[in-house]
Number of protein chains: 2
Amino acid sequence: MSGVNERAHKASHRTPDYAASGPGDLSVHRMPGHFIRRLQQVAVRLFGDCVGPELTPVQYAALSAIAQRPGAGQAALAALIGYDRATIGGVIDRLEQKGWVARSGSPDDRRLNLLAITPDGQAALTRAAPAVLAVQDKLLEPLDPHEREAFERMCLKLLAHHLG
Amino acid sequence: MSGVNERAHKASHRTPDYAASGPGDLSVHRMPGHFIRRLQQVAVRLFGDCVGPELTPVQYAALSAIAQRPGAGQAALAALIGYDRATIGGVIDRLEQKGWVARSGSPDDRRLNLLAITPDGQAALTRAAPAVLAVQDKLLEPLDPHEREAFERMCLKLLAHHLG
DNA sequence: CGGATATTGACAGTATGCATACAGATCGTA
DNA sequence: TACGATCTGTATGCATACTGTCAATATCCG
């Protein structure tokens, strides 16, 4: 299985998603926000299919960031990958349970939970990396190289505008 | 407030998101999947800012679809907007609590919950529509008209490939 | 120094999102 | 027409996400 939302496929023959609809349409099928939501669904599904259930996209991003920047606190980590402080705690809980990340208090600032990746975590990261890269490739598969570059550039432009 | 994840802004001065990083980088800052996740965050935040807390993006999509296709069951509705059957139930629960949607059993097929929008729901939809359209515009604001068209076309191409 | 302010991690509450499982209903077909 | 395959809505469990709040801790500034 690899389709998104195949459990709800009835009546899709009546109005397939992304079918033509008139201008001034108030439905979601022409809204960029909806496209992005659907693409997010596709990306998450693709990740699960390629990488497996051991590591979610969110957990991969966190683990990768911890490996890249050991000794950061949870808030710093969250800022690095765009998570919410309230969410990152649970993500790290689950990585800690798997033995892939270690939390340790900082002597300098007793508010901080210093984060570090464990050898097992590093191994899991290394193991997952090829599949994660494959996901990115499959995601943009239908675009030719020129389009891919344009797509990524526009994404970055949008993010720089809205986050910067 | 309008920024995404402002509660985790420490250390972002150390490594701003989307800063340059070498090729072969295993971190998420060059991965299309991550871009899409961040864009989804931006879109949801923008929606909340423009439309208000009465209606979430998901609830708007559902309400709009019910208005467009009254008398559909939950599964049909889910297929129409790309939701999961298990998720749509809760969404409709909340719309029903607000008095914007009515569930009624079908005499023809006793499995179905026929869905219909109420006058209050229609009013809420009409009230929200301009703001929802404004969100789409703001989302793609940094792109010029040509780029917008290209971006939407590529999104549709990606979705058609992965969902079709 | 000491109070005002800001930061950090945690928790509760709400809302998606998906997998799995289940009971009831319907349908296709032997 | 009986029966197995399929479909529908629901419930449960897990994993994001974000808001508001709080206690402990730092930091800043007079």
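Computation of the quantities below employed the complete heavy-atom set of this structure, encompassing side-chain atoms and omitting hydrogens, waters and symmetry-equivalent molecules. The sequence lines fix the lettering, A, B, ..., with proteins before strands; numbering per chain opens at 1.
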I want to verify a distance call: between [options], whose nearest atom is closest to the [X] side chain?
| X | options | answer |
| --- | --- | --- |
| A/Gln74 | D/dT8, C/dG9, C/dC18 | C/dG9 |
| A/Ala86 | D/dT19, D/dT8, D/dT16 | D/dT19 |
| A/Arg94 | C/dA21, D/dT19, D/dA15 | D/dA15 |
| B/Asn113 | D/dA26, D/dT10, C/dG17 | D/dT10 |

When you measure from every atom of DNA chain C, which of residues 50-64 of chain A have a heavy atom less than 4.0 Å away?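 The answer is none.
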Comparing B/Val44 and B/Leu114 on DNA chain D - which has the more 5′ nearest nucleotide: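 Of the two residues, B/Leu114 wins.
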When the nearest nucleotide of DNA chain D is assigned to A/Lys98 and to A/Arg110 on a heavy-atom basis, which residue is associated with the more 5' position?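 That would be A/Lys98.
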Using a cut-off of 6.0 Å, state whether more than 12 heavy atoms not belonging to B/Lys98 lie near its atom NZ.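 Yes, enclosed.
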Tell me whether [X] shares a hydrophobic cluster with [Y], the cluster being built from Ile, Leu, Val, Met, Phe, Trp, Tyr side chains joined at under 4.5 Å.
| X | Y | answer |
| --- | --- | --- |
| B/Val44 | A/Tyr83 | no |
| B/Ile88 | B/Leu112 | no |
| A/Phe151 | B/Phe35 | yes |

Output the rounded distance in Å from [atom1] ([X]) to [atom2] ([N]).
| X | N | atom1 | atom2 | value |
| --- | --- | --- | --- | --- |
| B/Asp93 | C/dT16 | CG | P | 11 Å |
| A/Tyr83 | C/dA10 | OH | C1' | 19 Å |
| B/Asp84 | D/dT8 | CG | P | 13 Å |
| A/Phe47 | C/dC18 | CZ | C1' | 16 Å |
| A/Ile88 | C/dT7 | CD1 | P | 18 Å |
| A/Leu115 | C/dG9 | CG | C1' | 11 Å |
| A/Arg37 | C/dA15 | CZ | P | 16 Å |

Looking at B/Arg127 and B/Glu54, is any side-chain nitrogen of the basic one under 4.0 Å from a carboxylate oxygen of the acidic one?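 No salt bridge links B/Glu54 with B/Arg127.
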Can you see whether [X] engages [Y] through a side-chain donor-acceptor pair at a distance of less than 3.5 angstrom?
| X | Y | answer |
| --- | --- | --- |
| A/Gln74 | A/Arg103 | yes |
| A/Gln40 | A/Arg37 | no |
| B/Arg94 | B/Gln97 | no |

Applying a 3.5 angstrom cut-off to the pairing atoms, does DNA chain D sit in any stems of at least three consecutive Watson-Crick or G-U pairs? List them by first number.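 So the stems come out as C:1-30 with D:1-30.
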For C/dG9, does the base pair up with any side-chain atom of A/Arg111 as donor and acceptor (N or O, under 3.5 Å, distance only)?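 Counting by modelled atom types and ignoring angles, no donor-acceptor contact under 3.5 Å is found here.
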Output yes when at least one side-chain N/O atom of B/Gln41 is less than 4.0 Å from OP1 or OP2 of D/dC18, else no.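 Yes.
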Within the pair B/Gln40 and D/dT16, is there a side-chain N or O less than 4.0 Å away from OP1 or OP2?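 B/Gln40 to D/dT16 OP1/OP2: no side-chain N or O under 4.0 Å.
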